[in-house]
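By convention in this document, chain letters (A, B, ...) are assigned in the order of the sequence lines, proteins followed by strands, and residues within each chain are numbered from 1. The basis for the numbers below is simple: all heavy atoms, side chains too, and nothing from hydrogens, waters or symmetry mates.
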Amino acid sequence: MLKIEETSEGCVVALAGELTIYQVASLYPQLAPWLEDPRPLQVDLSGLQELDTAGIQLLLFLYRQRHAARLPTGFNHPSDAVASALQLLGLEPLLGEVEVEQGACS
Amino acid sequence: MTRDVALDTYITESRELLDDMEAALLGLETEEGSCQDRLNSLFRSVHTIKGSAGLFGLDAIVRFTHEVETCLDRLRLGELEISESLISLMLKCQEHIAHLVELADQEQDELDAMTEREHQQLLAQVRQLLESADELEDGIEGTLQQAVLADHWHLSLRFRSTCLQEGMDPLSFLRYLQTLGTLVNLVTLDAALPADPADFDPETCYLGFELALKTQASKQQLEAVFEFVHEDSQIRILPPYSQVQEYLKLIESMPEGQYRLGEILVQCQSLTPNELQLALNHQQLLKSQPEPVERKLGEILVEQGSVIPQLVEAAAEKQLQSKDKGNREQNSIRVDAQRLDGLINLIGELVTAGASTALYAGHTQNAQLAEAVSNLTELVEGVRDAALQLRMVQIGATFNRFRRVVRDISRELGKQVELVITGAETELDKTIVERIGDPLMHLVRNAMDHGLESAGERQQLGKPESGRLQLNAFHDSGSIVIEVRDDGRGLDAGKIRAKAISKGLITADQVLDDSEVYNLIFAPGLSTAESISNLSGRGVGMDVVHSNITELGGRVEVESQTGRGSTIRIHLPLTLAIIDGFQVSVGSSAFVIPLDSVLECVELNPAHTSQQQQRKYINLRGEALPYIRLRDLFQLGGAPARRENVVVVRYGAFKAGLVVDQLEGELQTVIKPLGRLFSHLQGIGGSTIMGNGSVALILDIPNLVQRVTAAESRAVTY
């Protein structure tokens, strides 16, 4: 489940529920525009209850594409499930805050 | 508390394995050439001890043997150099394991402080050895065969791209691995993710994983984890201490590009930067050749198959091992010593019963019955011999224990000593073998400490630099003779004499020949060692050696030549249970003489006897034979028979005549020890029950011969 919010800090994509092989195919088209969107992106992971390799791979792909294009990106507020998966895979460096400029998401 | 039978078996087996281990270690040291077998057997011994210890929860043994095993494994793989110091360390470890096994036998779970300290010290030494070997490898321009430092497994996982759709989640595999051991490091590889978003299929697995795992699991167990994804996936599992070469193959086979993957391996701590450099340098060499080797997945898969020869080898080895074991089990059966004693007791009774049957059958004058009984007697004799054989063991095992002792002491003393073992196949009663170990130990120590000279001294004397110590055993007229012979400086009769005089053992004016002087070394309180060395005062002194051997019904003899060496000869009875006896009688008393010591019987011809003061002689074909009358000796009274007989007996080098009334003939004799009340009796070794139910005394020939000949030598002295 994808929820895009504009807050005072900027653009936040909040992922909630499950992000697994069952969701990635339908979620990817929704996320795809963000791969190249120049606006800073903060992905809030606090609502993610379940995450599998497919989900991680999708997040990693998103991050990698944006990183390659030097677009500010960060994942934050990992739920326990997310934190343990990222830790296992040595992917904690993905976590971090992004300076989101105000109003940039409009 | 009921004791686990399996534990007993484990302990017995471990002892045997430890003996094997010791033999293999000593073998490694003395012999060059093909030592691979020895190394393998060493490794297996320790491995088996460890494995079984695990079953019984003997943690101390598992902990300790694990390190030793690692060391032996690397030795076996040629990654460690065999050196004297290493063998010494391994011998110490062997000793320590033996000690731990003994503790387990006593069901002591806790190590006492001293054991614990030794435990830690040895562990530290073994670890240090392993580390220094590693450093050495780091230092040298290594080869690709050298093992990496990492003591963990390295797993390289590229799951097949469809695994996600098939419901196989790599994450869950990784979580499972975590339950098998400790994940030291894990690096997720995203290199395979497509660069173009249009190519990205979120349901395809692009990720790869490199991970370092510390686990006790076997390769098979780890492979089993990936059983269902193995097909079309690239799963590479490298055991701890794999060769650098293996890692190089891994690097080459993976799609990430060598530098990237190499760095990841370093990041995983599976390779050190040095090792990576080594691998890449080597690869550079290959790449500089005209055709760069493009590796395809297919090739890699074939190569992954290359683990198979290894596995096959391991399996074959295991099979061989179990076959060996099977053979051994078929060749010998463990029997409780008590059951064996029970059997021998029964056979003793059978012999007695047989004798009485024979006696009564003789009375009936029934030829057929006599025939049948005679057959039966023959069979009983056969059964007796076979049963006694069961108790017989070769002395070789006892002798071989001294290889270690000699090795250790020669190090300690800085002397070169060559141990020569002969007559190892000589058999003797198990109880005797068990009790001869300590006295022998002392004799060997003594010979090395006092007998053999140092290499320098020997050179000056024109002797070969390395001293020679010989352990020899052979059968001699119903007894077994064990010799400890050295080619050292020999006994110094003057010194022993002086010492004995100063200790008040003899008087200054007493005349003794050399052999009598030598025998003084067995007197309590006499030590000729001028300086107390480390080896002196270790429990048994020569006097204890002497009394131990006397207790076994044996005798010690010393022979020495100044400058040429000395020989200590121990005579021991073959067995303590049943003997072939020769029955004689004096008046109404029956006596049995062990047949083995009987040389001949002659009629006493009064014309041939002479007596000079206390000396009584028979002229036996021109030879003067000292004799003694049993009637006088045992104060039997009564008048001598009209015709007396002489039984000529021998013990060692001495002969003596025993004068009796009647010769009754041979019989099987079950020796019943005399009760405590009679234990002080001289000249009588035991009793036996005759066929007619009466009791006969068994003569203690060694004692009698000594008395007769001693009377003679006293007579000379006066």
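With a 4.5 Å cut-off on non-hydrogen atoms, A:Leu35 touches chain B through its side chain but not through its backbone. B:Leu207 touches chain A through backbone and side chain together, each having a heavy atom under 4.5 Å away. Looking at A:Leu88, the atoms closer than 4.5 Å to chain B (heavy atoms on both sides) sit in the backbone and in the side chain alike. No part of A:Ala32 comes within reach of chain B, as not one of its non-hydrogen atoms sits under 4.5 angstrom from that chain.
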Inter-chain polar pairs, chain A versus chain B: which donor-acceptor atoms lie under 3.5 Å apart?
unit_1, atom_1, unit_2, atom_2, d
A:Tyr28, OH, B:Pro197, O, 2.9
A:Thr53, N, B:Asp169, OD1, 3.1
A:Thr53, OG1, B:Asp169, OD1, 2.1
A:Thr53, OG1, B:Leu171, N, 2.9
A:Gln57, OE1, B:Tyr206, N, 2.6
A:Gln57, OE1, B:Leu207, N, 3.4
A:Gln57, NE2, B:Thr204, O, 2.4
A:Arg64, NH1, B:Asp190, O, 3.1
A:Arg64, NH2, B:Leu193, O, 2.9
A:Gln65, NE2, B:Ala195, O, 3.0
A:Leu89, O, B:Thr188, OG1, 2.6

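For A:Ala54 against B:Pro202, the heavy-atom pair with the smallest separation is CB-O, 4.2 Å.
Among A:Val24, A:Ile56, A:Leu89, A:Leu60, the residue making the largest number of heavy-atom pairs under 4.5 Å with chain B is A:Leu89.
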